[in-house]
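A quick note: this is a predicted structure, and the numbers were derived from the prediction, not measured.
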Amino acid sequence: MDFTTEGRLGTRCMLLSLLLLAAWEAGSGQLHYSVPEEAKHGTFVGRIAQDLGLELTELVPRLFRVASKDRGDLLEVNLQNGILFVNSRIDREELCGRSVECSIHLEVIVDRPLQVFHVEVEVRDINDNPPVFSVKEQRMLIYESRLPDSLFPLEGASDADVGLNSMLTYKLSPSEYFGLDVKSNSDGNKQIRLLLKKSLDREDAPEHKLLLTATDGGKPELTGSVQLLVTVLDVNDNAPTFQHPEYEVRILENSDNGTTVIRLNASDKDEGTNSAISYSFNRLVPPKTLEQFSIDADTGEIITQGNLDFEQVDVYKIHVDATDKGHPPMVGHCTVLVKVLDENDNVPQITLTSLSLPVREDAALSTVIALISVSDLDSGSNGQVTCSLSPHVPFKLVSTFKNYYSLVLDSALDRETTADYQVVVTARDGGSPSLWTTASVSVEVADVNDNAPSFAQPDYTVFVKENNPPGAHIFTVSAMDADAQENALVSYSLVERRVGERLLSSYVSVHAESGKVFALQPLDHEELELLQFQVSARDAGVPALGSNVTLQVFVLDENDNAPTLLGPWTPGSGGVVSELVSPSVGAGQVVTKVRAVDADSGYNAWLSYELHPLAGGTRSLFRVGLYTGEISTTRALEEADAPRHRLLVLVKDHGEPALIATATVLVSLVENSQTPKASSRAQGATGQEVSLVNVNVYLIIAICAVSSLLVLTLMVYTALRCSVPPTEGVCGAGKPVLVCSSAVGSWSYSQQRRQKVCSGEGPPKTDLMAFSPSLPPCPVVGEHQDLNDDHCSRPRQPNPDWRYSASLRAGMHSSVHLEEAGILRAGPGGPDQQWPTVSSATPEPEAGEVSPPVGAGVNSNSWTFKYGPGNPKQSGPEPKKQTQVSFLPRRKGEASQPRQ
């Protein structure tokens, strides 16, 4: 090892001398030269004559000479050339010793005139002296118990040179036990000490030989050395030692108590009691470690005595001491690093935070529902957790950071389909076998008003008998709203419109909460047959949603109008008419005809005629047509018959109960001489009837023309309306709806063959087209009629009677061909319908043509049934016979007239 010491004091002195010399020369003109020591003879020093300003030629004449206070033979001047040169060897150490400055002072004297010059010649030091130690060998005694970093003083070397040449560095021969410590004292000298780097062991090396070398700072370097002999003194210096200063042990967590961790083994090079070793934990071992482990003092075996948990402590650092029994005892140390290996013994943990519940069903996709964090106390793959959701839920997990997830909306929600979801989050670690845990999140879907109230069907048909009491409950509408709470609160109201000249609200009303529809006034079939309106249902949501339903209220006819007699019976005539008949009238001759009408319609307007039986059960000479009202003779009259006959004709409708009107006919038998009068009168009556028929013909022609114009207008309007792209409910096909049925037959409400009128006020109107007595009866809607009741579910055996609806008075002329004979007769096993005949209306009875009774009602239509050959009294048509039904319109209140 090299060390360098600077002579700070010598350097400062040298610099000070140079400064003083320069100042002196500047002041006095003294010459200054330098010359290295040990220079050879004749070495040039300087041109002294020239520097003093003397001519070479003056040197001899003026007796130029050099004098020195010290040794004057060291330097000499050549008088030939005036050069100062070395005359003999100059030894600086001999001349000046250890002085930093060393100069030779010369006095140059010349005569003529006498002058004295001072010349200073500096002698520069060269490295001509090596370092020198005072002895050749230094002996040292050191106990092997001395601790490292102990210092032992050494004697240094000396150098006769000065300055840099005397600056020494020291170097010690390589040794693992010793080093050199060199420090400079305040006086500039160096203090050298031997440093113990490593503890000595006499058993290994009882003696150490070292070489200490000193090197000066000159060029070239000069060195000196001394031998160091270190003798190690023996003590109890061997502490027990372990094979390794640190042991690393791996053990599984949850190991059983008493499991051996490691067995330590220390050795001592001493003998006897000095080599006996006991083991113990160092006092620096923390108490928690002492709770988990114990050590056997004799064997050095470390065992577990507590449960090891990797999640609490994964590494234990145990300091173990091995102590011998010497005096003083020596201790050896080692460290045992116990690493606890993880086992997959911890299930993942799930933490739910920031729940945003409930979730609106119209929430946007990717809406964050909850924040989920997972953790696992295990490490490595045992602590790597993956999350998943239960399948078939409209949510997904989005990883936002390690072990952090967001539960977000993945697809649209519909509260009406699913009101809440039980979302199960599963966290599973990567251990083998893996452990998992679940957490359930109840996600409630908040309702928004996205469903309008809906009815079970778009329209309802309601049947109400006329003459109902005011405020009668006729129907109940009910709408369901799939929403919840206030969004599902439904209120009902009428869609106001005008019915004729009156507002709809003057006819009906609807309860806002229950949906019950009430008739505010008695309904009259003769005034209003069909009342069609809409009921609106709206919820309480914001904004409110609503829908409408159409109600078709058919006012059913009741038998509230008795038959009314037509002329010649007038309200003021007292109901008595006289007729004159010749006694020669044959059998079956029509004497007169009773005509009546009924303001009701259908079955209630179907009139029948019969004679009131005579008192005493006497058989009358006359009879009346059951449906024609024609009074005819039953046999040929004879002169013996009574001259006067009083006939009481009962006119009945087919209502329940039946209403009756009476007509009295006084038939007088007259002689042949009175026959012309009677004939004249009869001809007058016949002329009156012909005139009335002509008026009716003109009236029918006018009605047909107006009806044709109306139909043409409606067809054009319908074509224009239906040319617009159709919307639901307008001009669309629908199911056939049964209008009415009774014990004698039914009128069917046909969707397939009906005339539609499209308008902006409501759905298409539908006309009644045909009837079938084989259809089941439809009960009249009562006060507790419900929407879903099936009123036509059970077929019923019809009676021979049949009725026709008020729709036959709609002003149309239609012909319906009915292929099945069963349409005009009762069902299998039922009684046959006896079809009425009238002789004046059926000029060819054999053809089987049947006409309605004369005066069948104010609202009756003229109709004819044709079937196969037969007499008027035969039963209904045979099966599979073609039957034709013809309807002829006429005005309300017009009496039926016989065809001419």
Side-chain angles (χ1 to χ4, degrees), residues 310-312 314 342-454 479-490 537-547:
F310 173 85
E311 287 69 37
Q312 293 183 357
D314 58 348
D342 182 43
E343 285 188 334
N344 194 23
D345 58 343
N346 291 278
V347 296
Q349 301 294 325
I350 300 177
T351 304
L352 300 174
T353 58
S354 303
L355 294 175
S356 299
L357 298 176
V359 183
R360 289 173 57 92
E361 62 178 321
D362 60 348
L365 298 183
S366 300
T367 298
V368 177
I369 309 301
L371 299 179
I372 301 174
S373 61
V374 295
S375 61
D376 194 318
L377 296 178
D378 295 323
S379 64
S381 60
N382 296 332
Q384 293 179 358
V385 182
T386 58
C387 280
S388 62
L389 286 183
S390 54
H392 311 298
V393 292
F395 307 99
K396 65 178 181 179
L397 287 176
V398 176
S399 177
T400 57
F401 193 67
K402 182 180 180 181
N403 293 338
Y404 286 87
Y405 298 87
S406 295
L407 180 64
V408 300
L409 184 61
D410 188 40
S411 60
L413 298 176
D414 186 4
R415 190 206 65 83
E416 290 69 36
T417 302
T418 306
D420 61 88
Y421 295 88
Q422 291 296 327
V423 181
V424 178
V425 181
T426 302
R428 186 182 300 272
D429 62 24
S432 179
S434 63
L435 301 178
W436 55 274
T437 186
T438 60
S440 180
V441 183
S442 181
V443 180
E444 180 182 357
V445 181
D447 183 51
V448 297
N449 194 23
D450 57 347
N451 291 279
S454 61
M480 301 299 295
D481 196 316
D483 294 322
Q485 297 178 357
E486 67 275 2
N487 295 329
L489 296 177
V490 180
R538 298 185 69 83
D539 57 29
V542 179
L545 301 177
S547 61

> If you look at every heavy atom in Ser379 and Asp342, which pair is closest and at what distance?
N-OD2, 3.0 Å
> Write down the atom of Leu355, the atom of Ala370, and the distance for their closest heavy-atom approach.
CD2-CB, 3.1 Å
> What are the two closest heavy atoms between Gly546 and Pro453, and how far apart are they?
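Looking at all heavy atoms of both residues, the shortest contact is CA-CD, 3.9 Å.
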> Say you draw a straight line from CG of Leu409 to OG of Ser411; how long is it, rounded to the nearest 0.5 Å?
6.0 Å
> Counting only N and O atoms by type, is there a donor-acceptor contact under 3.5 Å from the side chain of Asp420 to the main-chain atoms of Val443?
no
> Is the closest side-chain heavy-atom distance between Asp345 and Glu311 below 4.5 Å?
yes
> Which one of Asp362, Asp450, Asp447 satisfies the salt bridge (charged side-chain N to carboxylate O under 4.0 Å, His left out) criterion with Arg415?
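Going through the options one by one, the only one that passes is Asp447.
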> Is it true that a side-chain atom of Glu361 and a backbone atom of Asp414 form a donor plus acceptor pair closer than 3.5 Å?
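Such a contact is absent between Glu361 side chain and Asp414 backbone.
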> Answer with yes or no whether the side chains of Asn346 and Asp378 bring together a donor and an acceptor at under 3.5 Å.
yes
> Starting from the C-alpha separation in whole Å, work towards a yes-or-no answer on side chain to side chain contact (heavy atoms under 4.5 Å, CB included) for Val385 and Arg428.
CA-CA 5 Å; Val385 182; Arg428 186 182 300 272; over 6 Å; no
> First locate atom CD1 of Ile350, then atom OG of Ser375, and finally report the distance between them rounded to the nearest 0.5 Å.
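Separation between the atoms: 9.5 Å.
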> Report yes if some heavy atom in the side chain of Leu407 is under 4.5 Å from a heavy atom in the side chain of Leu397; otherwise report no.
yes
> Can Asp539 and Leu489 be said to form a side chain to side chain contact (heavy atoms under 4.5 Å, CB included), step by step?
CA-CA 5 Å; Asp539 57 29; Leu489 296 177; over 6 Å; no
> Using side-chain heavy atoms (C-beta onward) and a distance below 4.5 Å, is Lys396 in contact with Val408?
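Of all side-chain heavy-atom pairs linking Val408 with Lys396, at least one is under 4.5 Å.
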> Indicate whether any N or O donor in one side chain lies under 3.5 Å from an N or O acceptor in the other, for Asn487 and Asp481.
no
> To the closest 0.5 Å, what do you measure between CZ (Phe395) and CD1 (Ile369)?
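If we round to the nearest 0.5 Å, Phe395:CZ and Ile369:CD1 are 5.5 Å apart.
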> Taking atom types as modelled and ignoring hydrogens, do the side chains of Asp483 and Asn451 form a donor-acceptor contact shorter than 3.5 angstrom?
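The criterion, which ignores hydrogens and geometry beyond distance, is satisfied for Asn451 and Asp483.
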> Measuring from atom OG1 of Thr400 to atom CG of Leu371, what distance do you get when rounded to the nearest 0.5 angstrom?
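Answer rounded to 0.5 Å: 7.0 Å.
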> Return yes if a side-chain donor-acceptor contact under 3.5 Å exists between Ser442 and Gln422, otherwise no.
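On atom types as modelled, these side chains qualify, holding a pair under 3.5 Å.
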> Nearest 0.5 angstrom please: Tyr404 OH to Cys387 SG, how far?
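Interatomic distance, Tyr404 OH to Cys387 SG, rounded to 0.5 Å: 12.0 Å.
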> Can you see which heavy atom on Ala544 is nearest to which on Asn449, and at what distance?
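Scanning both residues completely, I find the closest heavy atoms to be CA-ND2, 3.9 Å.
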> To the nearest 0.5 Å, what is the distance between OG1 on Thr438 and CG on Leu389?
12.0 Å
> Measure from the side-chain N and O atoms of Asn344 to the backbone N and O of Pro433, and report whether any donor-acceptor pair falls under 3.5 Å.
yes
> Do Thr351 and Ile372 come close enough that some side-chain heavy atom pair is under 4.5 Å?
no
> Is there side-chain contact between Pro394 and Leu413, with at least one heavy-atom pair below 4.5 Å?
yes
> Regarding Asn382 and Asp429, do their side chains bring together a donor and an acceptor under 3.5 Å, going by distance alone?
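Not at all, the side chains of Asn382 and Asp429 share no donor-acceptor pair under 3.5 Å.
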> Would you indicate whether Glu486, at its atom CD, is surrounded by more than 12 heavy atoms from other residues, nucleotides or ligands within a distance under 6.0 Å?
yes
> Using a 4.5 Å cut-off on heavy atoms from C-beta on, say whether the side chain of Tyr405 contacts that of Val374.
yes
